[in-house]
Undergrad: 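Shown below is the structure under consideration.
Computation of the quantities below employed the complete heavy-atom set of this structure, encompassing side-chain atoms and omitting hydrogens, waters and symmetry-equivalent molecules. Values in this document were obtained by computation on a predicted structure and should not be read as measured data.
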Amino acid sequence: MTALFFSKIRGEIDSFNRLYQNVKKGDCYSLTYLPGLGTTLRLNNKKLGTIKGAAFAKALFRVWFGPKPFQQDLKDQLLEPIKKAPPKP
């Protein structure tokens with residue numbers, strides 16, 4: 001992510017970070033992106049908020065799924081079910 005790109009989505013990043021809450025053992029965060037709606041953060045299936053914009057979603061998911069993920073083995077684990085899924089007809 002370039003400094004220019006980061007500066008363009010800085011407001012979205014700050015808003016997203018404010019959504020996070022303290023967690024306890026067994027809690028589960030989930031992220032969902034829907035075009036035209038945005039990226040929704042949930043904690044234990046409770047919606048915490050949605051951040052609009054495809055650019056923000058692209059940057060966020062790139063952390064895990066981009067060419068240089070935060071943790072390659074985590075990326076591999078997350079994508080494993082997709083790799084094992086039978087091809088669609």
Undergrad: I need the Leu43 CG to Ser30 OG distance, nearest 0.5 Å.
TA: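 Interatomic distance, Leu43 CG to Ser30 OG, rounded to 0.5 Å: 8.5 Å.
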
Undergrad: Taking all atoms of both residues into account, what is the closest heavy-atom pair of Asn44 and Gly26, and its distance?
TA: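 The answer is OD1-O, 4.2 Å.
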
Undergrad: How would you list, by chain and number, every residue that makes a ring pair (Phe, Tyr, Trp, His ring centres under 6.0 Å) with Tyr20, sequence neighbours excluded?
TA: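 Once residues adjacent in sequence are excluded, the partners of Tyr20 under the ring pair (Phe, Tyr, Trp, His ring centres under 6.0 Å) criterion are Phe16, Tyr29.
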
Undergrad: Taking only residues two or more places apart in sequence or in another chain, which ones pass side chain to side chain contact (heavy atoms under 4.5 Å, CB included) with Ala55?
TA: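 Testing Ala55 for side chain to side chain contact (heavy atoms under 4.5 Å, CB included), a comparison that skips the adjacent residues, returns Phe5, Ile9.
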
Undergrad: Under the side chain to side chain contact (heavy atoms under 4.5 Å, CB included) rule, collect the residues that match up with Thr40, sequence neighbours excluded.
TA: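 With neighbours one apart ignored, the set is Arg42, Lys47, Thr50.
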
Undergrad: Only counting residues at least two apart or in another chain, list the ones meeting ring pair (Phe, Tyr, Trp, His ring centres under 6.0 Å) with Tyr33.
TA: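 With sequence neighbours excluded, Tyr33 shows a ring pair (Phe, Tyr, Trp, His ring centres under 6.0 Å) to no residue whatsoever.
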
Undergrad: Are Phe65 and Ile82 grouped together when hydrophobic residues (ILVMFWY) are joined by side-chain heavy atoms under 4.5 angstrom apart?
TA: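 Yes, same cluster.
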
Undergrad: So, taking the atom named CG in Leu31 and the one named CZ in Phe61, what distance separates them when rounded to the nearest 0.5 Å?
TA: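 Here the rounded value is 5.0 Å.
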
Undergrad: Quick one: side chain to side chain contact (heavy atoms under 4.5 Å, CB included) partners of Phe70, sequence neighbours excluded?
TA: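 Side chain to side chain contact (heavy atoms under 4.5 Å, CB included) check on Phe70 returns Val63.
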
Undergrad: Does Ser15 have any side chain to side chain donor-acceptor pair (under 3.5 Å) partners at least two apart in sequence or in another chain, and if so, which?
TA: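 Side chain to side chain donor-acceptor pair (under 3.5 Å) check on Ser15 returns Arg18.
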
Undergrad: What pairs with Arg10 under salt bridge (Lys or Arg N to Asp or Glu O under 4.0 Å), at least two apart in sequence or on another chain?
TA: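 Salt bridge (Lys or Arg N to Asp or Glu O under 4.0 Å) list for Arg10, sorted by chain: Asp14.
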
Undergrad: Got a second to check how far Glu12's CD is from Leu60's CG, nearest 0.5 Å?
TA: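 So the gap between those two atoms works out to 11.5 Å.
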
Undergrad: With sequence neighbours excluded, tell me which residues meet side chain to side chain contact (heavy atoms under 4.5 Å, CB included) with Gln72.
TA: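 Gln72: side chain to side chain contact (heavy atoms under 4.5 Å, CB included) contacts with Pro69, Lys75, Asp76.
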
Undergrad: Using the salt bridge (Lys or Arg N to Asp or Glu O under 4.0 Å) criterion, which residues pair with Lys46? Sequence neighbours excluded.
TA: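 For Lys46 there are no salt bridge (Lys or Arg N to Asp or Glu O under 4.0 Å) partners, ignoring immediate neighbours.
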
Undergrad: Show every salt bridge (charged side-chain N to carboxylate O under 4.0 Å, His left out) that has at least one partner inside residues 23-35, sequence neighbours left out.
TA: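 Output for this query lists Lys24-Asp27.
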
Undergrad: Taking only residues two or more places apart in sequence or in another chain, which ones pass salt bridge (Lys or Arg N to Asp or Glu O under 4.0 Å) with Asp73?
TA: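 Salt bridge (Lys or Arg N to Asp or Glu O under 4.0 Å) list for Asp73, sorted by chain: empty.
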
Undergrad: Is there a path from Phe56 to Leu37 through hydrophobic residues (I, L, V, M, F, W, Y) whose side chains come within less than 4.5 Å of each other?
TA: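 Not linked; separate clusters.
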
